[in-house]
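Below is one structure; the comments refer to it alone.
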Amino acid sequence: MPDVSSLRAALLDWYDAHARSLPWRAPPGSGMRTDPYRVWLSEVMLQQTTVPHAAPYFERFTARWPTVSNLAAVEDSDLMAAWAGLGYYARARNLLACARAVASEHGGVFPDNEAALLALPGVGAYTAAAVAAIAFDRPANVVDGNVERVMSRLFAVETPLPAARPELKRLAALFVSDERPGDWPQALMDLGSGVCRPKSPSCELCPLAFGCEGLKTGEPARYPLKTKKAERPHRHGHAFVLRDAAGRIGLVRRPDKGLLGGMLGLPTSDWSATPVFHAPVVADWSEAGAVEHVFTHFSLTLTVHVGAGEGDFVWTSADEALASLPTVFRKALERGLAG
DNA sequence: GAGACGTGGTT
DNA sequence: TAACCAAGTCT
């Protein structure tokens, strides 16, 4: 068993020299702490999302809505449009619900403890711990994919994910301490992101190499072990680019639950092996090609049809539609507009 | 516990 | 190129 306190000291030293500079991060070692609102917003945006993808959204959101109270006052449709392209749209719906809960139930001030944070919409075990630690400097066991990977290597855990999750969390808990509780998870995540990477880890640069059981095995990259995932099915569908006399696009608001919930979309058929061609209005539809898109649990070929007509739709200029649609529909609309 | 839930970059 | 992967949460 590696010596926990020397590993901890070694990683914090490394962090002092190598911490990343990020838009939501106070200068490391400055003793400054980031506004809880910004910590929370960044943590939600970073769920299953890379730093380069989330960063511009974070900059736009904080410029437009500097406080959680500002965010709480936003119209649902504006928030969803601002989130377009970032994915996992339930996050956006929960983000707004959480901002409104903080505004109405907590006087516009984020709660400073893990339990109260956990009760907020869209805040799970990871985010509650991260905000408690990073924004409030509370000792909290912050366990994300990076931490799981680092722990699985450090201790050469042979149990595959996801079954190994409780064990990895227990191991991570060994490092939680009153000393620099806010820096610790960030150091761990920076290490996981830049050194202890999923593939080809840079063990020669790693401050924890001296105590790493995984490295001793000679195959650190083998960790964490994972059980095979089911194959991703392929579906087909039809999407309809409907234009009125003014050239606007007819969109529909999707139901809150389910795929792309709460977002605007193009009218479509069902998505299945053999979709039924069911146009939103009777029109002279012409085919404009197809687009491919990959979701987490299925891939999709969408055949795009263009036509003119009127009806009960959310009529939107092409530019606004392109900016507010989720990516799958943005791609379909671009295809339709290109002819 | 397992599946739903997006997107874009990397290998 | 297909597969894998990213600071997860909810049901």
Side-chain angles (χ1 to χ4, degrees), chain A residues 20 22-25 34 38-58 80 83-95 97-98 117-135 140-150 161-166 169 172 182 184-194 196-201 221 224 226-235 254-263 265 271 291-300 325-331:
Chain A
R20 284 178 293 178
L22 298 169
W24 44 83
R25 181 177 282 179
T34 302
R38 295 167 66 90
V39 176
W40 161 75
L41 180 61
S42 67
E43 291 300 341
V44 173
M45 287 183 167
L46 288 165
Q47 290 167 9
Q48 299 293 290
T49 305
T50 59
V51 166
H53 194 187
Y57 285 83
F58 178 84
M80 299 311 284
W83 197 273
L86 200 49
Y88 283 138
Y89 298 99
R91 290 185 296 173
R93 302 193 299 277
N94 287 329
L95 190 82
C98 182
L117 289 161
L118 193 54
L120 295 167
V123 176
Y126 164 77
T127 303
V131 174
I134 298 169
N141 193 14
V142 183
V143 184
D144 72 334
N146 288 302
V147 177
E148 288 180 345
R149 184 171 57 258
V150 172
L161 286 172
R165 230 150 246 150
K169 188 163 188 172
W184 175 251
Q186 301 187 82
L188 220 34
M189 291 190 282
D190 277 17
L191 185 79
S193 165
C196 195
R197 296 185 300 263
K199 299 180 180 176
S200 58
K226 295 188 179 183
T227 52
K228 285 274 188 215
K229 290 175 200 138
E231 229 170 85
R232 179 157 37 214
H234 189 84
R235 298 181 190 167
R254 298 173 63 85
D256 277 346
K257 301 270 182 187
L259 190 71
L260 310 173
M263 298 296 289
W271 299 351
V291 294
E292 300 291 332
H293 194 75
V294 180
F295 293 99
T296 304
H297 55 297
F298 67 95
S299 55
L300 176 70
L325 287 170
T327 300
V328 61
F329 292 126
R330 180 180 56 72
K331 281 156 61 172

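Lettering follows sequence order; numbering is per chain, from 1.
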(request) Take A:Thr50 and A:Lys199, find for each the nucleotide of DNA chain B with the closest heavy atom, and name the residue whose nucleotide sits nearer the 5' end. (result) A:Thr50

(message) Using a 4.0 Å heavy-atom cut-off, does A:Thr127 contact any base of the nucleic acid, only the sugar-phosphate backbone, or nothing at all?
(response) sugar-phosphate

(message) So, OP1 or OP2 of B:dG8: does either fall under 4.0 Å of a side-chain N or O from A:Arg330?
(response) yes

(message) Under a plain distance cut-off of 3.5 Å, with no hydrogens placed, do A:Gln47 and A:Tyr126 share a side-chain donor-acceptor pair?
(response) no

(message) Any residue in residues 38-47 of chain A with a heavy atom nearer than 4.0 angstrom to DNA chain B? Just list them by number, or reply none.
(response) none

(message) Determine whether a donor-acceptor pair (one donor, one acceptor, N or O, separation below 3.5 Å) exists between the side chain of A:Thr296 and the base of B:dG6.
(response) yes

(request) Provide, to the nearest angstrom, the distance between the CE atom belonging to A:Met80 and the P atom belonging to B:dC5. (result) 14 Å

(request) Indicate yes or no for a side-chain donor-acceptor contact from A:Arg254 to the backbone of A:Gly265 under 3.5 Å, with no hydrogens or angles considered. (result) no

(message) The side chain of A:His293 is closest to which nucleotide in this list: B:dT7, C:dG8, C:dC5?
(response) B:dT7

(request) Using the closest heavy atom to pick a nucleotide of DNA chain C for each, name whichever of A:Lys229 or A:Leu118 lands nearer the 5' end. (result) A:Lys229

(message) Does a side-chain N or O of A:Ser193 approach OP1 or OP2 of C:dA6 to a distance below 4.0 Å, or not?
(response) no

(request) Check every strand shown and say whether A:Leu22 touches a base, only sugar-phosphate, or nothing at a heavy-atom separation below 4.0 Å. (result) base

(message) Nearest 0.5 angstrom please: A:Met45 CE to A:Trp40 CH2, how far?
(response) 9.0 Å

(message) If I take atom CG in residue A:Asp256 and atom P in nucleotide C:dC10, what distance separates them, rounded to the nearest angstrom?
(response) 15 Å

(request) Establish, with yes or no, whether the OP1 or OP2 oxygen of C:dC5 is under 4.0 angstrom from a side-chain nitrogen or oxygen of A:Arg149. (result) no

(message) In whole Å, measure the gap between the C1' atoms of B:dG6 and C:dC4 for me.
(response) 15 Å

(message) Quick check on DNA chain B: between A:Leu259 and A:Ala163, whose nearest nucleotide comes earlier from the 5' end?
(response) A:Ala163

(request) Take the protein atom NZ of A:Lys257 and the nucleotide atom P of C:dT9, then report the distance between them rounded to whole Å. (result) 17 Å

(request) Report which part of the nucleic acid A:Trp83 touches: base, sugar-phosphate, or nothing (heavy-atom distance under 4.0 Å, all strands). (result) nothing

(request) Mind checking the CD-NE2 spacing from A:Glu292 to A:His234? Nearest 0.5 Å is all I need. (result) 5.0 Å

(message) Restricting to salt bridge (charged side-chain N to carboxylate O under 4.0 Å, His left out), what partner residues turn up for A:Arg91, sequence neighbours left out?
(response) none

(request) Let me know the distance between CG of A:Leu120 and C1' of C:dG8, rounded to the nearest Å. (result) 16 Å

(message) Check this for me: A:Lys169, atom NZ, are more than 12 non-hydrogen atoms of other residues, nucleotides or ligands nearer than 6.0 Å?
(response) no

(request) Answer with yes or no whether A:Tyr88 presents, from its side chain, a donor or acceptor under 3.5 Å of a partner atom in the base of B:dG6. (result) yes

(message) Between A:His53 and B:dG9, is there a contact of a side-chain N or O with OP1 or OP2 at under 4.0 Å?
(response) no

(message) Applying a 4.0 Å non-hydrogen cut-off, can you work out what A:Leu86 is touching in the nucleic acid: base, sugar-phosphate, or nothing?
(response) base

(request) Measure the CG-OG1 distance between A:Leu86 and A:Thr49 for me, rounded to the nearest 0.5 Å. (result) 5.0 Å

(message) So A:Gly258, base contact, sugar-phosphate only, or nothing? Heavy-atom distance under 4.0 Å.
(response) sugar-phosphate

(message) So, using salt bridge (charged side-chain N to carboxylate O under 4.0 Å, His left out) as the criterion, who are the partners of A:Glu148 when residues are at least two apart?
(response) A:Arg165

(request) Find the distance A:Arg165:CZ to C:dT9:C1' and express it as a whole number of Å. (result) 12 Å

(request) Mind calculating the distance between NE2 (A:His297) and P (C:dC4) to the nearest angstrom? (result) 18 Å

(request) Give the rounded distance in Å between these two atoms: NZ of A:Lys331 and P of B:dG6. (result) 14 Å

(request) Verify the contact: side-chain N or O of A:Gln48 to OP1 or OP2 of C:dA6, cut-off strictly under 4.0 Å; return yes or no. (result) no

(request) Just say parallel, tilted or perpendicular for the rings of A:Phe295 and A:Phe298, cut-offs at 30° and 60°. (result) tilted

(request) May I ask you to say what A:Val147 touches in the nucleic acid, namely base, sugar-phosphate or nothing, with a heavy-atom cut-off under 4.0 Å? (result) nothing

(request) For A:Pro326, report the nucleic acid contact type (base, sugar-phosphate, nothing); a contact means any heavy atom under 4.0 Å. (result) sugar-phosphate

(request) Using only side-chain N and O atoms of A:Lys226, determine if any of them is under 4.0 Å from OP1 or OP2 of C:dC5. (result) yes

(request) Pick base, sugar-phosphate or nothing for A:Gly85, based on heavy-atom distances below 4.0 Å to the nucleic acid. (result) sugar-phosphate

(request) Over 60° means perpendicular and under 30° means parallel, so classify the ring planes of A:Trp24 and A:Phe58, tilted if in between. (result) perpendicular

(request) Can you tell me, in whole Å, how much space there is between the C1' of C:dT9 and that of B:dG1? (result) 15 Å

(message) Whole angstroms only, please: what is the CD-C1' distance between A:Glu148 and C:dG8?
(response) 10 Å

(message) Between the base of B:dG8 and the side chain of A:Thr49, is one N or O donor paired with an acceptor at under 3.5 angstrom?
(response) no

